[in-house]
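Comments concern the structure below.
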Amino acid sequence: MLGQIRRQIDRIRALGATYVDARWYPYEEANYLLMWNGNLKETIGSRESGMGVRVLYQGAWGFSASSDLSDLSALFDKAFDNARVAAERVSFPVRLAEKDALQAKFASPSQIDPFQVPLADKVAFLKDLDDRLNQPGVFQRRSNLTFIRKHLILVDSEGSEIEKLITEVFAEMIVSGQDEQGVTHERKFRLANQGASTRGWESLDPKLFAENAERIVREMQQVLRADSCPKDNRSVILLPGIMYLQTHETIGHALELDRILGYELAYAGGSFVTLKDFGTLRYGSPKLTARADATVPNSPGSFGYDDDGVPAQNTLLIDKGILVGAITGRQMAEEANARAGRQLFAGSGGANRATAFYRVPIERMTNINIDPGQDGNLDDIVRNTEKGIVLDGDRSWSIGSNREQFHFATEIGWLVDDGRITQIVKNPTYKGDTLKFWNSLSAVGDASTWELRFVDNCGKGQPNQVMQMGHGVPVCRFDNVTIGE
Ligand SMILES: [Zn+2]
C-alpha cells in the first residue's frame with residue numbers, strides 16, 4: 001500500500017500540484033460503555049478504516065477521502081480536481097511553512113491494550129463503581145469508559161513518512177442528587193494524569209476510582225445540605241477540575257491561530273487577540289506562564305507528530321504575563337506572517353490535527369498548560385487568602401464568541417475567610433473579563449498542585465471535529481472576582 005501511495009503522490013505532483021499528502025488509517029476503533037443506575041445503558045463498538053488525501057494546487061486545497069481503497073487513482077484524482085476548482089477562486093494563496101522531511105514512528109504509552117480486555121471485565125469495573133456510588137442522597141449515578149485505538153500513516157510529497165499508534169482511555173463517574181428545593185446537584189471524577197504514567201487499561205486503577213467514588217458521594221451529600229453561594233466579590237481559588245476549563249476556554253481557544261485569522265467565525269467564533277498583540281499584550285499577571293506542550297508524557301494532547309508531519313513541540317504562549325505565541329500549523333503560521341508583514345511565527349507549532357481520515361487537519365490545542373508557581377500548596381494558598389472561595393468541578397460555561405468574557409458554574413465551593421475554610425456552598429458561579437481576570441492572578445500553586453487533565457470533547461471546525469487534548473494546570477487564585485451572579 002505504501003508503494004502505491006507514493007506512486008500516486010508522484011503522479012499528482014507531476015500534474016502540477018505543489019504539495020500532496022495522504023493519511024492512511026489501517027484502522028481506528030472506538031469502544032464506549034455507559035452504566036446508569038446499575039444498568040448497562042450503552043455498549044458501542046466501532047471500527048473504520050480509509051484514507052484522506054490533500055492536494056495543494058496553485059495556492060488552493062483539494063481534499064478527498066474514502067474507506068474504499070480499491071481505486072487509489074480515483075481517490076487522488078478527486079482531491080486534485082477539487083483543488084483545481086478551488087484554485088479558480090482563491091483569494092489568499094496557501095503557502096506552507098518549512099518543515100523537515102521525517103521518517104518516524106510514535107506510539108502513545110500503553111501497557112495493556114484495552115481492546116484485548118474482555119467486555120465482561122469492563123462491565124465488572126463499571127458495576128463495582130456503580131455499587132460504590134449507590135449511597136443515600138444519590139438519585140442518579142453514571143459511569144462511563146471510552147477506549148480509542150488507531151493506527152495511521154502519513155506520507156507526503158516532501159519525503160515524510162510517519163507512522164502512529166495511538167491508544168486513548170477516558171473514564172468518568174458522576175453522581176447527582178436533589179436538594180430540599182428540588183434542585184439537582186452533581187459531583188464527578190474524571191481520569192487524569194497525576195504523574196508520568198501510561199494510558200492503557202492499566203490506567204483504570206480500582207483503588208484510585210474507589211477513593212474518588214467515596215469522595216464525590218461525600219462532597220455531593222455536603223452540597224445538598226449547603227447554603228447557596230453568596231453574591232459577593234472575592235478571591236477565587238480554582239482547583240484543577242475547573243482551572244482546566246478556564247484555561248481551555250480563555251487561553252486555548254483564544255490563541256488558535258485560525259480563529260485569530262477569522263476562519264472559525266461562522267461556527268466556533270473568533271478571538272479578541274489580533275496579530276498586533278504578539279510580543280506586547282499583557283494577557284495576565286507576571287505569575288502567568290502558559291504553553292502549548294505536546295511533549296509531556298501520557299496525554300491525549302501528546303501525539304508525536306501532527307497531521308502536517310511536524311514534530312510535537314513545547315511552545316511558549318504567554319511568558320510571565322506577556323502574549324508571545326499561538327497554536328499554529330504550517331498554513332496559518334505563513335498566512336499570519338504575511339498578513340502581519342513581519343515574522344510573528346518562526347514556523348509551524350505542530351498543532352494541525354484531524355479527528356479522522358475523512359476530515360482535514362485544523363489548528364487544535366495540544367496540552368495547553370500553566371506552569372506551576374512559587375505559592376505553595378492549596379493549604380498555603382488558603383492560609384494566605386483573606387476572603388475567597390475554593391471552586392471545583394465544571395458544571396456549566398458560557399463564553400463570549402471572541403473569548404473576551406466568561407461565566408462559569410461549578411459543582412462545589414468552599415468559602416474562605418481569614419485564611420481558613422469556613423463552609424461549603426452550593427450553586428457557585430463566577431464571571432469575568434478574560435484579560436482583567438488573568439491579570440488578577442495573584443497566586444500559583446507549586447508542582448504538587450499541578451494536574452494534567454484529559455479532555456475528550458472539544459468541538460471545532462465545519463464539519464464538526466471532536467478532538468482530544470490535555471490541560472496541565474496548578475491551583476490558581478484570582479482576586480476581586482464577582483461570584484454568585
Ligand atoms: Zn474546546
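Just so we're clear, the structure is a prediction, and the values are computed from it rather than from any experiment. One-based numbering, in listed order, for ligands and for the atoms of each.
Remark: side-chain polar atoms of Arg234 are paired, donor with acceptor, to backbone N or O of Val416 under 3.5 angstrom.
Annotation: cation-pi pair Arg364/Phe303 absent, no NZ/CZ under 6.0 Å from the ring centroid and within 45° of its normal.
Ring pair Tyr430/Phe478: centre-to-centre distance not below 6.0 Å. Two rings, from Phe209 and Phe189, have their centers less than 6.0 Å apart.
Taking CG of Leu245 as the start and CZ of Phe408 as the end, the distance is 4.5 Å to the nearest 0.5 Å.
The stretch residues 277-286 participates, sequence neighbours left out, in these side chain to side chain donor-acceptor pair (under 3.5 Å) pairs: Thr274-Asp277.
Of all protein N, O or S atoms, those under 2.8 Å from the Zn ion (ligand 1) number 3.
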